[in-house]
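The block underneath contains the structure these notes are about, expressed in structure tokens.
Nothing here was measured: the structure is a model prediction, and the numbers come from that model. Residue numbering restarts at 1 for every chain, and letters A, B, ... go by the order of the sequence lines.
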Amino acid sequence: MPVMKDKELRIVGFLCNWCSYGGADTAGVARAEQPTDLRIIRVPCSGRVDPLFIVKALLSGADGVLVSGCHPRDCHYSSGNFYARRRLEVLKHFLPALGIDNARFEYTWVSASEGQRWQQVVTAFTRRIHTLGAAPGFEDAPLLMKTADMAPAPLRPLGTGKNAPLESLKQAIKEKLPDLACVIGWKQGYDDAHTTPLFAKKPEDVDELVWGPLNAANLAVYLPLFKGKKVGIVVKGCDSRSVVELLQENLVAREDVTIFALPCEGTLDMGRVNEKLGRYNVVGGIAHGATNITITTDGQEHDFSMAEYAQNKCRGCTEPEAVLSDVRMGDSPLVQGEAPVPQELALLDAMNLDERRSFWRTQMERCLRCYACRNACPMCVCRDYCISDSRDPHWMTQEAGVTQKLFFQTIHALHLAGRCTGCGECQRACPVGIPILGLRQHIARTVGELFDNYRAGIDPAAVPPLLGYEVEERNIREREWK
Amino acid sequence: MRIGVFVCHCGSNIAGTVDCAKVAEIAKNFPDVVYADDPMYTCAEPGQAAIEAAIHEHKLDGVVVASCSPRMHEATFRRTVERAGLNRYMFEMANIREHVSWIGKEQQANTNKSAELVEIAVAKLRNNRPLAAKTFDVTKKTLIVGGGVAGIQAALDCAEGGIPVILVERESTIGGKMAKLDKTFPTVDCSACILGPKMVDVAQHPGITLYACAEIEEVSGYVGNFSVKIRKRATYIDWEKCTGCGACSEKCPSKKTPDVFNEFTGTTTAINIPFPQAIPKKAVINAQYCRQFTKGKCGVCAKVCPAGAIDYAMQDSFVTEEVGCIIAATGYELMDWTIYQEYGGGRYPDVITSLQYERLLSASGPTGGHIVRPSDGREPQTIVFIQCVGSRDNSIGRPYCSGFCCMYTAKQAILTKDHLPQSRSYVFYMDIRTPGKMYDEFSRRAVEEYGVEYIRGRVSAVYPDGLGRYVVMGADTLLGEPVEIRADMVVLAVGIEAAKNAPALAEKLRISYDKYGFFMESHVKLKPVETNTAGVFLAGVCQGAKDIPASVAQGSAAAAKALALFARDKLENDPQTAQVDARRCVGCGKCIRCCPFGAITETEIRNEKKAQVIETVCQGCGLCTSTCPQGAVQLSHATDNQILAEVNALCR
Amino acid sequence: MKNATDMSQRHDSGFTVEVGAQSGQKLSACYQCGNCTAGCPASFVYDRQVNQIMRGVQLGMKDEVLDSRAIWLCLSCSTCSLRCPNNIDVAAVMETLRHMARKENRVAVGNVEKFWFSFLNTVRAFGRSWEIGTMALYMMRSLRLFTDLDLAPEALKKQKLGFKPHVVAQGGASSVTRIFKRYKERAEREGVRP
Amino acid sequence: MNYAYYPGCSAKGSSADYEKSTQAVCAVLGMNLVEIPGWNCCGSTPAHAVDTELSAALCSRNLDIAAQQGVEKLLTPCPSCLSNLRHTAKRMENPQFRARVDELLDNPAAPDFPGVTSVMQGMAAHCDANGIASFIRKDLGQLTLAPYYGCLMSRPADIMDFGDPENPTLMECLLAACGAKVLDFPLKTACCGASYGIPERTMTARLSARILRLATDMKADAIVAACPLCQMNLDLRQPQAAKEADAIFAMPVLYFTQIMGLAFGLSPDTLGLEKLRVSASALLDKLEPAPSISKTPVEGGQSCE
């Protein structure tokens, strides 16, 4: 049903049944006059309001969304609003990453007795939305193509790992192998220039293990498949954080996983490597220098220096060593300096809201909705039951529009809030090269800012911030209604 | 689906600013809507009959009523559709009165908005499923925490109603604060004389099991089936053997033990029975002062005990009770008034609390009921009562009124005159709050018959004058002047606060508490005894300031709730609970972590860990549903699809 | 006979708001317990008690409040603020009222202001206060030539008072003089009484 | 150890004895007080009573001088100066206020001011009770003293940071460390009438009389003050107070530094006792040589801070 043209805008409210819905009733009983734009959806608790409902509404044409629950400490369900506060605050920070003005979304607390306050809230919020005007859509945003810059100098010398104690590691793996269903590692792929996952079950399998800059894949993605079995996994520093996050979330049991780690000297951006190699028939050989590798295809030598061809994330990496391991070998590299703002995030930061909408429209038009990003993500443990392709719940339609695709990316990003370790596999897997990592990095930064510099996948005992709360949040301030 | 829509005029309440007929007309175009009408009063008997008739006539399998707030009449209409054979959850409401007609005057906008709200309701209804309550067995037994007058009343009422009671008391005797009082207002009845028989009834009632010196350790389970682990603190005396003869206490050499029962107005022995009417009348050793414990030798009590009940090696022990409901009656404590440095911060011996004064008044108190100054044992001639010490004071974070201080201050002033006819009493007050039966008359008697001087103003400071008396610096705001009184004794009407460990107990019971530690009732006005956890009820001051009759009344009310609960052999749950789709569940336990009620547990299905909802514990908040990334947990009647349908109806 | 105060006529809500804003205090929080009055050491010389001043401010009774002697006799000991159960900095309200009264040239207790200026004049001249100078100036201004004359012999005998002002070295005195000059000029510019 | 020092105007006039004894006692404790150069009057009560910005300008000039000298902590003996300086530092945190004050100054004030604290707290921070006890040469055991802080020292609590605003105990701690018997003096933070002795003599006389009366009734040998104005009201104006109260007072009113000096064996002359109107000779008669220099720790023995 259309809104009343030139008079009303589409404003959706999610109100908890016990306090705010009652507050709105109280306002009504008191005949407290209010603008007519707001449409209220009654939910049991503000904690029931999945942030995705809000994004869904905003992407589908809502001009404003208001969530209201019981005041902190007054939750009918004792703590639902505490969880809501964290999740909605993260969403509030995230919306601008999509190009949506976060003034269009607000959450607040109104008790059943606060009819007057409810009137104030509705009036102020409606006025605010009218000041902002109708929400600009994505479909008609002007096209804008932008790419991320290359990251600045690495924080540690990058290399090819040719001197890593690979043989000792193999020996150590073989010693543990009898107790393990298998050990996950890398082996040579369809040619010398590529690797593929190795699932070593027998000692001779272990001999196939390789180590070096071609081991870009994050093998933690396979761990949940072995849930309940004892397995080993070989990790780079970044991979180890995914393993820790899986441990934090009970998706893998600590006693079931044996972590083998070598210090990582960086991995290659295979996208650019493949681009340079071009089409070829046969790999003639591959030579590892200290800081470069040389791949010979069809008799022609291609030199790839780590300094130039390493993945962006490796340059900003401050954790080349595993944050948690059972077997660790090799010398610790010296990391100097602070992690820079990741390039994909810097790209987003440099744009205003209009540009971001244009940017995402442009990128989403290229999206094939192939779900490679999801399948590569070690945190996407829903697998066959991802809500983006289910009927119950039925979050997404099969329509191939820009907003549906962006909504899928939002589902992925919000489901990763406080969980994403920034391994970048989603983006690496994207066949059309959409810098979707920026959305995850944006949320990770927000989570760090709100929750005491929390970083996912560091401490196996840490409670992921969106699965917990503080009665008095240190960094979340209630916004006043004037 | 066949949906019927009823757009209520509510007289002119809705129809005044909403074109109800037009809304009904628009509604006919919504998917699955086969019937729409706009009755004058839908909730009235003819209105309800019309709905029932329409259900039969048009073979409706879902009904939307657009009228007032669902908080008003959802239950009414659910019963209506149920009478006509529909499942009560195949019904939705659109609130076009409180949220539309009463808050805006423009008919066009209101009509449009009403139609949209009906559309949302229809969209939701199309996703509704019939829900059925589950039944389960109950353990017909009540556990009461706290043996003050509220807990005692609740225990006796439950037991009389045939429900066995477990009464858990932290101290070594029941009786609570009331047992310490000398007289009660407004009748000036002897407190011990009216409470004593009730305490004896508790001891003698076959249906009541009393654990004194005991505290709640752990609570698990849900309404009808709680399991409560109780810690029985070591008393160092085998109560099975102790006869309460008091021989031990007579001979105990540690005579300087602070007397908790007497509010530290005197001392007692390290082994003692708090007062003669104590229930259970059993001795307890205070290990902090007992020489056997502090010096490692003594053993006098063990030698003199005729029953051989002394056991210095006793340890805390535990007992677990299965009960169907729990009544919290943990009472209150006085706030720590010594933060008031301007009243001496506890340094002046003759500046005492009202409860200490109560012990001085009491014949069983340390002075045998003689009012004397703690400093020198002399009878005071001038006594100043200061009200609102620690009440209605924002500067110390206690904005609330403690409720009964006005009355007991009047009582104490009256009793003072009875004890010491020559004395003069002054009461500094801000407001006199006496809204009870015969209460104001009583406080007027203090003024008119007993000559108590009431002075309207707060006291700024109290200090010793160096000559044995105290200077009380106050104001008489009616006079518009500061006033000063040389007093022999100052009695502070100290404000109340929740029992120290009330928040810890609330966490165990999974009930809410306010920032002062008082337990939250389920609804301020309409559910003052219930809590947000089904099967946990409140009685007495633990829920908020109240006097003895109100505490007793709430104790009885809580008992009535328990008896009503147990009147049925089986309980039904509210079917609006979370459901787990085991196929979708990956067993990550995020829902278990977040559930505020511990209603989700881990189970194993074909060797895989899965979440499982205990439907009787689930309160239906839906936090799990918004937490589960796979959408594997869905809150019935507020599923993702139901809410999405509403969002989609609005945003397209 | 005095007529009843017509509250509807008396209420100058602008005054209430202004006092609240300048003092930074929430005046509506005052529930008239009288604690400020009870503890005020100067109350016995007041024409209106502190709680009455607070009530007057709440009711917007500007003239009654600004013309009261009490706001001039307040010792600024802040006992009232310390013990206020509603966290109102009553002393700050009193000081605000004094400032407002001064700026409107309503000085109910002239001697107090005369004493302040006598004191400040010595500071302006020498950079530091000078007791004898202050006294001399005050006696001239207030025409109370015998002020504390009873103390003089003892004070002089004990050499309690310096006959010569203490002048701040390093040009400090003139620097202080300039502070006063700028203060006065600015007040005149802003049209308030310095 | 050197300490930056702001003596306040009365140190150069009516409270020269406070200044003298402060210097002498600090010297014994090993505290060298160094006046900041070119300091001016803080404006005292008249300045802030007239205008907060004027008061702040006068104080800021001093704080600015200290800041230019690189001072981290400035000591002052006078509670009124302390109050004004600390209030100013607090108010200058507000940028609008600061801008208004800067307009009055020759140069804009330094962005960060040093902390200001009382000499009394400075002593307590410098040495603990045992440290003080080690300097004792005279036994004060026969003296019963009424500590009196006045109203400014401890409040407002958030500005002054001087312990409980109703019941500060630092002076008690120092006096006890010196071996004296210290009364729990209830009017220790009551107001003495401040500078109203001149324009409203009756008020000051009545308020001072109240304090003198209580100390007399509590059988104090002396009132111990920490504020020049309080001392003057209670001592020099004692006859005025007595007349107002229709009483006879003979209550010596000493500065706490004078008492400490006596305990340390300093001569009455060094401590400026001759400046007292009410003679302290009765006190001096009660002093006895300390039997031996106490090495046993004072009860509590810990820091007075």
Side-chain angles (χ1 to χ4, degrees), chain C residues 41-42 44-45 73 75-79 81-83 89 91 95 98-99 102 109 111-117 119-120 122-123 126-132 134-135 138 142 147-148 150-151 154-155 158-162 166 168-173 175-176 178-180 182-183 186-187 194, chain D residues 8-10 12-17 37-41 43-54 57-58 61 65 100 103-106 150-152 155-157 165-166 189-203 206-207 210 232 236-237 239-240 274-277:
Chain C
F44 64 91
V45 294
L73 296 171
L75 291 153
S76 302
C77 72
S78 71
T79 307
S81 307
L82 176 62
R83 295 177 187 160
D89 188 346
E95 180 142 309
R98 201 153 52 221
H99 291 160
R102 266 201 71 261
V109 188
N111 284 347
V112 169
E113 199 195 31
K114 281 172 189 149
F115 169 70
W116 294 342
F117 278 124
F119 178 92
L120 292 174
T122 67
V123 178
F126 308 114
R128 288 182 195 160
S129 61
W130 176 38
E131 284 128 343
I132 286 199
T134 304
M135 286 299 288
Y138 173 72
S142 62
T147 307
D148 277 342
D150 52 335
L151 297 183
E154 192 69 17
K158 300 281 183 188
Q159 295 179 351
K160 278 272 193 192
L161 304 174
H166 214 266
V168 185
Q170 299 176 339
S175 169
V176 171
R178 286 196 294 277
I179 291 178
F180 277 92
R182 291 189 201 104
Y183 166 70
R186 182 168 76 185
Chain D
C9 301
S10 30
K12 305 296 173 184
S14 55
S15 73
D17 42 349
W39 57 268
N40 59 271
C41 175
S44 195
T45 308
H48 74 73
V50 166
D51 189 276
T52 323
E53 288 157 3
L54 175 65
L58 293 169
R61 186 176 172 277
I65 291 171
R100 296 273 298 171
E103 279 178 27
L104 302 180
L105 297 169
D106 285 352
C151 59
L152 283 178
R155 51 193 195 238
E166 291 278 2
T189 61
C191 180
C192 66
S195 60
Y196 281 71
I198 295 169
E200 280 286 336
R201 176 197 285 195
T202 356
M203 174 156 73
R206 286 258 289 266
L207 296 178
R210 182 187 186 97
M232 184 160 80
L236 190 62
R237 292 185 185 276
Q240 292 178 350
E274 77 283 355
K275 299 243 181 196
L276 299 176
R277 173 164 194 164

Subject >> Criterion side-chain contact (heavy atoms from CB on, under 4.5 Å) against D:C41, the qualifying member of C:T122, C:V123, C:L120 >> reply: C:V123
Subject >> For D:C191 against C:L75, the heavy-atom pair lying closest together >> reply: SG-CD1, 3.6 Å
Subject >> Side-chain touch C:F180/D:L104, heavy atoms, less than 4.5 angstrom >> reply: no
Subject >> Test item: C:F119 and D:S44 side chains (from C-beta on) under 4.5 Å apart, heavy atoms >> reply: yes
**OP:** Could you check C:R102 against D:V50 for side-chain contact (heavy atoms from CB on, under 4.5 Å), going step by step and ending with a plain yes or no?
**Re:** CA-CA 8 Å; C:R102 266 201 71 261; D:V50 166; 3.5 Å; yes
Original post:
Does any N or O in the side chain of C:H99 come within less than 3.5 Å of the main-chain N or O of D:H48, such that one atom is a donor and the other an acceptor?
Top reply: yes
Original post:
Which bit of D:R201 comes within less than 4.5 Å of chain C, counting heavy atoms only: side chain, backbone, both or neither?
Top reply: side chain
Original post:
D:P239, D:P156, D:A190, D:A47: which one forms the most heavy-atom pairs within less than 4.5 Å of chain C?
Top reply: D:A47
Original post:
Is there side-chain contact between D:P199 and C:K114, with heavy atoms separated by less than 4.5 Å?
Top reply: no
Original post:
Under a 4.5 Å heavy-atom cut-off, does chain D meet the side chain of C:L82, its backbone, both or neither?
Top reply: side chain
**OP:** For D:R61 and C:S175, work out which heavy atoms get closest and say how close.
**Re:** NE-OG, 2.9 Å
Subject >> Residue selection (most heavy-atom pairs with chain C, distance under 4.5 Å) from D:A16, D:A194, D:P37 >> reply: D:P37
Original post:
Taking atom types as modelled and ignoring hydrogens, do the side chains of C:T79 and D:R155 form a donor-acceptor contact shorter than 3.5 angstrom?
Top reply: yes
Original post:
D:L276, D:T189, D:I65, D:T202: which one forms the most heavy-atom pairs within less than 4.5 Å of chain C?
Top reply: D:L276
**OP:** Verify, without hydrogens or angle tests, whether C:R186 (side chain) and D:R100 (backbone) share a donor-acceptor contact under 3.5 angstrom.
**Re:** yes
**OP:** Between chain C and each of D:D17, D:N40, D:I198, count heavy-atom pairs under 4.5 Å; write down the option with the most.
**Re:** D:I198
Subject >> With D:W39 via side-chain hydrogen bond (donor to acceptor under 3.5 Å, both in side chains) - residues at least two apart >> reply: D:E35
Original post:
So does D:E103 pair up with C:R182, basic N to acidic O under 4.0 Å?
Top reply: no
Original post:
Is it the backbone or the side chain of C:L73 that comes under 4.5 Å from a heavy atom of chain D, or both, or neither?
Top reply: both
Original post:
With sequence neighbours left out, what residues match C:Y183 under ring pair (Phe, Tyr, Trp, His ring centres under 6.0 Å)?
Top reply: none
**OP:** Among the options C:W130, C:Y138, C:W116, pick out the one with the most heavy-atom pairs lying under 4.5 Å from chain D.
**Re:** C:W116
**OP:** Taking the side chain as every heavy atom from C-beta outward, state whether C:P41 and D:R210 have any pair of such atoms under 4.5 Å apart.
**Re:** no
Original post:
Below 4.5 Å, heavy atoms only, C-beta onward: do D:Y196 and C:V112 meet side chain to side chain?
Top reply: yes
Original post:
Nearest heavy-atom pair of C:E131 and D:G13: which atoms, and what distance?
Top reply: OE1-CA, 3.7 Å
Subject >> Region of C:V45 that comes under 4.5 Å of a non-hydrogen atom in chain D >> reply: side chain
**OP:** Considering only heavy atoms and a distance below 4.5 Å, find which of D:E53, D:K275, D:M232 pairs most often with chain C.
**Re:** D:K275
Original post:
CD of C:E95 to CG of D:D51: how many Å apart, nearest 0.5 Å?
Top reply: 9.5 Å
Subject >> Residue selection (most heavy-atom pairs with chain D, distance under 4.5 Å) from C:S76, C:C77, C:A187 >> reply: C:C77
Original post:
How about C:R178 and D:L105: do any of their side-chain heavy atoms sit closer than 4.5 Å?
Top reply: no
Subject >> Non-hydrogen atoms of D:G38 and C:R128 that approach each other most closely >> reply: C-NH2, 4.4 Å
Original post:
Side chain, backbone, both or neither: which part of C:S81 has a heavy atom under 4.5 Å from chain D?
Top reply: neither
